[in-house]
Amino acid sequence: MIDIKLVRENPQLFKDGAKAKRFDVDIDRLLALDSKILGAKQILQDIATEKNRIGKEIPKMQGDEKQKVLAEMAKLKEKEAALNDELKTIQPAFDALMLEVPHPPAPEVPLGMDDTQNVELYKKGEVRKFDFEPKDHIQLGLSLGMIDVERGVKLAGARNYFLTGDGAILHRAVMNFAMDFMISRGYTPMMVPLLMRNEAMRGTGYFPGSEEQTYQMERDELNLVGTAEVPLTAYHMGELLSEKQLPIKIVAMSSCFRREAGAAGKDTYGLYRIHQFDKVEQVIIGENDEEKSRQYHQEILSNSEAVLQAMELPYRVVNVCTGDLGRGQVQKFDIETWMPSRKSYGETHSASRFYEFQARRLNLRYKTEQKKNLFCHTLNNTVIASPRVLIPIMELYQNADGSITIPKVLRPYMGNRERIEPKV
RNA sequence: GGAGAGGUGGCCGAGAGGCUGAAGGCAACGGUUUGCUAAACCGUCGUACGGGUAUAAACUCGUACCCCGGGUUCGAAUCCCGGCCUCUCCGCCA
């Protein structure tokens, strides 16, 4: 959520921001509602002052005098009730609109319509050239007994799968390596609940907007999270932290669930776009400070780059353009890892910073040394998401004989084996 | 699933129609003391919105807020109704 005061001061900033992000929101209507509310509240306050003044004198009065004053009081209450009725319709409309106003993007975000206009910042690592006809991850997964899509679909429908044998082992190796890596960088590991209340979904900015993308447990009014960002960012919801606690750096491994509604027919082949996967996610809850926000953003980005570098995977970092930014995101860097079967870089990581957008919705604040209460800043990034990352690992590390060389850093997690080979 | 209890400031906890923005304690902050730390003692110590003096910090006035929303009343943290949430006991179970 944005600060209505900033909208009052500079509505154009928010109009332009919404337009650049390709969100449709009526800022003029928001301001009109806002000024109506302010006006009504001003009058209500005057009425309350008058009521309080009269109320204090009533116990001292008697007879006619008292009757007169009571009548006056009744009139005030009528006026008050009328204004309150008016507020009762305006306020919810205002609140709903506030939830929809996007945070304006940072000035350094490139203008663009959609992900095709994201700007590549740099590439790391060599893209492998094959001297044989490479297989894709599904072919490899089948021949090495690592992936079973057919039975996944049989039991759970489209976009579901089993990881079997070395597939499951490789998946676990990747997750555990990523988790251990983040712990070594000082992040506090957590295991988190994955069914979240609407409050947490709203607080992190997913609701309203992403209900269609979410598996909702209607009976229990709980939502299966699409990312551990939700429980991690909302962890301190409603709390007043002390500045000394900041920044809070946390990391969680969790399953993630996405309906992928509206993506019908898109990326239907393989393990790229699926309903359920596992992810290690990093979150920073920091001070209300633009410079620190940028600094933390670089930190979470470089954490993830280090994980990819350790696995020696070629990737590029992309400056996500305005049209591809989420409602609350101020700036986002995606990391895309080379995937031979797609003949392109595919998104594997997404590092976002929000300023106080999420913290406002979550009522997540801290007290500064000067005793001011400020909203925190929040940031998050993927550390690793699997099985999507298995695509580049399996495809890039495959050998002409059909085996897969295990990346060095993962070997300790796989019994120090060097290769995944076909079972005889 | 059955039966109860409860939601009050950063935290704990009292208050049971006006004297309560709220006792007391802890934590925090400032000070005295001290070789340093600790202890002891003194003081300060909620938030939001609006108005006033001031560049601002600060100060000051008003209003609201004791989970949320209604109601009773001249007046509600306190009484009544609805909702949300939490806890305890019993049962079942990983």
Side-chain angles (χ1 to χ4, degrees), chain A residues 1-9 30-96 98-99 191-203 207 216-223 230-231 234-248 255 285 287-288 356 359-376:
Chain A
M1 192 152 58
I2 44 77
D3 183 350
I4 186 65
K5 283 188 197 159
L6 298 178
V7 184
R8 285 178 201 146
E9 285 165 19
L30 182 77
L31 285 172
L33 291 172
D34 177 52
S35 77
K36 270 190 192 170
I37 289 170
L38 281 183
K41 284 194 171 161
Q42 184 59 56
I43 300 172
L44 276 171
Q45 183 179 319
D46 292 343
I47 292 175
T49 306
E50 186 64 6
K51 274 176 64 188
N52 287 343
R53 192 187 60 78
I54 295 174
K56 273 185 195 144
E57 312 209 334
I58 283 176
K60 300 179 214 154
M61 296 179 172
Q62 299 223 326
D64 286 353
E65 194 189 16
K66 188 166 179 176
Q67 291 311 312
K68 216 180 95 189
V69 169
L70 285 179
E72 205 179 310
M73 193 68 136
K75 245 188 239 167
L76 283 173
K77 284 173 97 174
E78 250 174 65
K79 261 170 93 178
E80 192 180 34
L83 279 167
N84 273 324
D85 280 349
E86 199 186 331
L87 269 183
K88 244 181 263 171
T89 60
I90 303 174
Q91 189 71 51
F94 175 81
D95 293 344
M98 277 297 279
L99 287 179
M191 292 302 297
V192 301
L194 303 180
L195 284 165
M196 290 278 109
R197 292 196 163 128
N198 290 336
E199 237 182 323
M201 300 302 286
R202 206 179 304 120
F207 289 178
Q216 295 179 281
M217 309 291 127
E218 290 177 345
R219 263 177 86 158
D220 300 292
E221 291 189 79
L222 292 169
N223 307 279
V230 177
Y235 185 65
H236 288 290
M237 176 172 83
E239 297 183 28
L240 182 61
L241 307 170
S242 92
E243 190 164 18
K244 287 178 198 150
Q245 290 175 262
L246 304 180
I248 293 168
S255 291
I285 298 170
E287 303 87 335
N288 192 306
E356 52 178 54
R360 265 183 187 277
R361 290 171 166 238
L362 290 164
N363 192 24
L364 166 56
R365 299 170 302 162
Y366 70 100
K367 197 179 275 294
T368 66
E369 308 285 354
Q370 295 79 33
K371 307 255 167 111
K372 282 237 177 235
N373 294 345
L374 297 176
F375 290 105
C376 299

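Here is the naming used below: chain letters follow the sequence lines, and residue numbers restart at 1 for every chain.
The heavy-atom pair separating A:F375 from A:A359 by the smallest distance is CD2-O, 3.6 Å. Contact detail for A:L83 and A:A40: the closest heavy-atom pair is CD2-CB, 4.1 Å. When all heavy atoms are compared, the tightest approach of A:L246 to A:I285 is CD2-O, 3.6 Å.
Only the C1' atoms considered, B:rU47 is 11 Å distant from B:rG21, to the nearest whole Å. Between B:rU8 and B:rC66, the distance separating the two P atoms is 12 Å to the nearest Å. Taking atom C1' in both B:rC11 and B:rA28, the straight-line distance is 11 Å, to the nearest Å. Taking atom C1' in both B:rG25 and B:rG35, one finds a spacing of 33 Å when rounded to whole Å. Here the separation of B:rU72 from B:rU63, taken at their P atoms, is 22 Å to the nearest Å. Straight-line distance between the C1' atoms of B:rC29 and B:rG46: roughly 15 Å, to the nearest whole Å. Between B:rG62 and B:rG6, the distance separating the two P atoms is 36 Å to the nearest Å. Going from the C1' atom of B:rA16 to that of B:rA22 covers 14 Å, rounded to whole Å.
With RNA chain B read from its 5' end, the first of the two nearest nucleotides for A:L44 and A:M73 is the one closest to A:L44.
The interatomic distance linking A:E239 (CD) with B:rC67 (C1') rounds to 16 Å, in whole Å. Atom pair A:K51:NZ and B:rG18:P shows a separation of 18 Å (rounding to whole Å applied). Taking atom CD of A:Q245 as the reference point, atom P of B:rA27 lies 17 Å away to the nearest angstrom. Atoms NZ (A:K68) and C1' (B:rC74) sit 16 Å apart, rounded to a whole Å. Taking atom NZ on A:K367 and atom P on B:rG46, their separation rounds to 9 Å, with Å as the unit. Distance, A:Q370 CD to B:rA28 P: 18 Å, rounded to whole Å. With rounding to whole Å, A:L240 atom CG is found 10 Å from B:rU47 atom C1'. Protein atom CD1 of A:I47 is 18 Å distant from nucleotide atom P of B:rC74, rounded to whole Å.
Across the strands present, B:rG62 finds its partner in B:rC49; the criterion is a Watson-Crick or G-U wobble pair with both atom distances under 3.5 angstrom. Applying the Watson-Crick and G-U wobble criteria (two distances, each under 3.5 Å), B:rU33 pairs with nothing in any strand. B:rG1 is paired with B:rC90 under the Watson-Crick or G-U wobble criterion, all donor-acceptor distances under 3.5 Å. The nucleotide B:rA38 finds no pairing partner, because no Watson-Crick or G-U wobble arrangement with both distances shorter than 3.5 Å includes it. Base pairing of B:rU20 is not made with any nucleotide, judged by Watson-Crick or G-U wobble geometry with both donor-acceptor distances under 3.5 Å. Across all strands shown, B:rA28 forms a Watson-Crick or G-U wobble pair with B:rU44, both key distances being under 3.5 Å. Within the shown strands, nothing qualifies as a pairing partner of B:rG9 under the Watson-Crick or G-U definition with both distances less than 3.5 Å. Across all strands shown, nothing is found opposite B:rA14 as a Watson-Crick or G-U wobble partner with both distances under 3.5 Å.
For A:R365, the side chain to side chain donor-acceptor pair (under 3.5 Å) criterion is met by A:N363, not counting sequence neighbours. Remark: A:K371 pairs with no residue by the salt bridge (charged side-chain N to carboxylate O under 4.0 Å, His left out) rule, at least two apart or across chains. Remark: A:N84 pairs with no residue by the side chain to side chain donor-acceptor pair (under 3.5 Å) rule, at least two apart or across chains.
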So A:L222 and A:R197, side-chain contact (heavy atoms from CB on, under 4.5 Å) or not? Walk me through it. CA-CA 5 Å; A:L222 292 169; A:R197 292 196 163 128; 4.0 Å; yes
Sort me out a list of protein N/O and nucleotides 48-55 of chain B N/O pairs below 3.5 Å, or just none if empty.
from   : atom 1 : to    : atom 2 : distance (Å)
B:rC49 : OP1    : A:K5  : NZ     : 2.8
B:rG50 : O2'    : A:Q42 : OE1    : 2.9

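Looking at A:N223, its side chain does come within 3.5 Å of a backbone N or O of A:M196 through a donor-acceptor pair. Counting only distance, with no hydrogens or angles, the side chain of A:Q245 and the backbone of A:S242 share a donor-acceptor pair below 3.5 Å. A:R8 contributes no side-chain N or O that, together with a main-chain N or O of A:S35, makes up a donor-acceptor pair within less than 3.5 Å.
The list of salt bridge (Lys or Arg N to Asp or Glu O under 4.0 Å) pairs with a residue in residues 35-46 of chain A, not counting sequence neighbours, is empty.
Picking from B:rC29, B:rA64, B:rU47 the nucleotide with the shortest atom distance to the side chain of A:A48 gives B:rA64. Distances from the side chain of A:K244 to the nucleotides B:rG46, B:rG62, B:rA28 place B:rA28 closest. Of the candidates B:rU47, B:rG70, B:rG62, the closest approach to any side-chain atom of A:K88 belongs to B:rG70.
Contact annotation: A:K77 side-chain N/O to B:rU73 OP1/OP2 distance is not under 4.0 Å.
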Base-contact (B) and sugar-phosphate-only (S) positions in nucleotides 78-84 of chain B, heavy-atom cut-off under 4.0 Å, - elsewhere: -------
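Contact annotation for A:N52: backbone-only contact, meaning every heavy-atom pair under 4.0 Å involves sugar-phosphate atoms and none involves a base.
Among the candidates A:E78, A:E80, A:E72, the single residue satisfying the salt bridge (Lys or Arg N to Asp or Glu O under 4.0 Å) test with A:K51 is A:E80.
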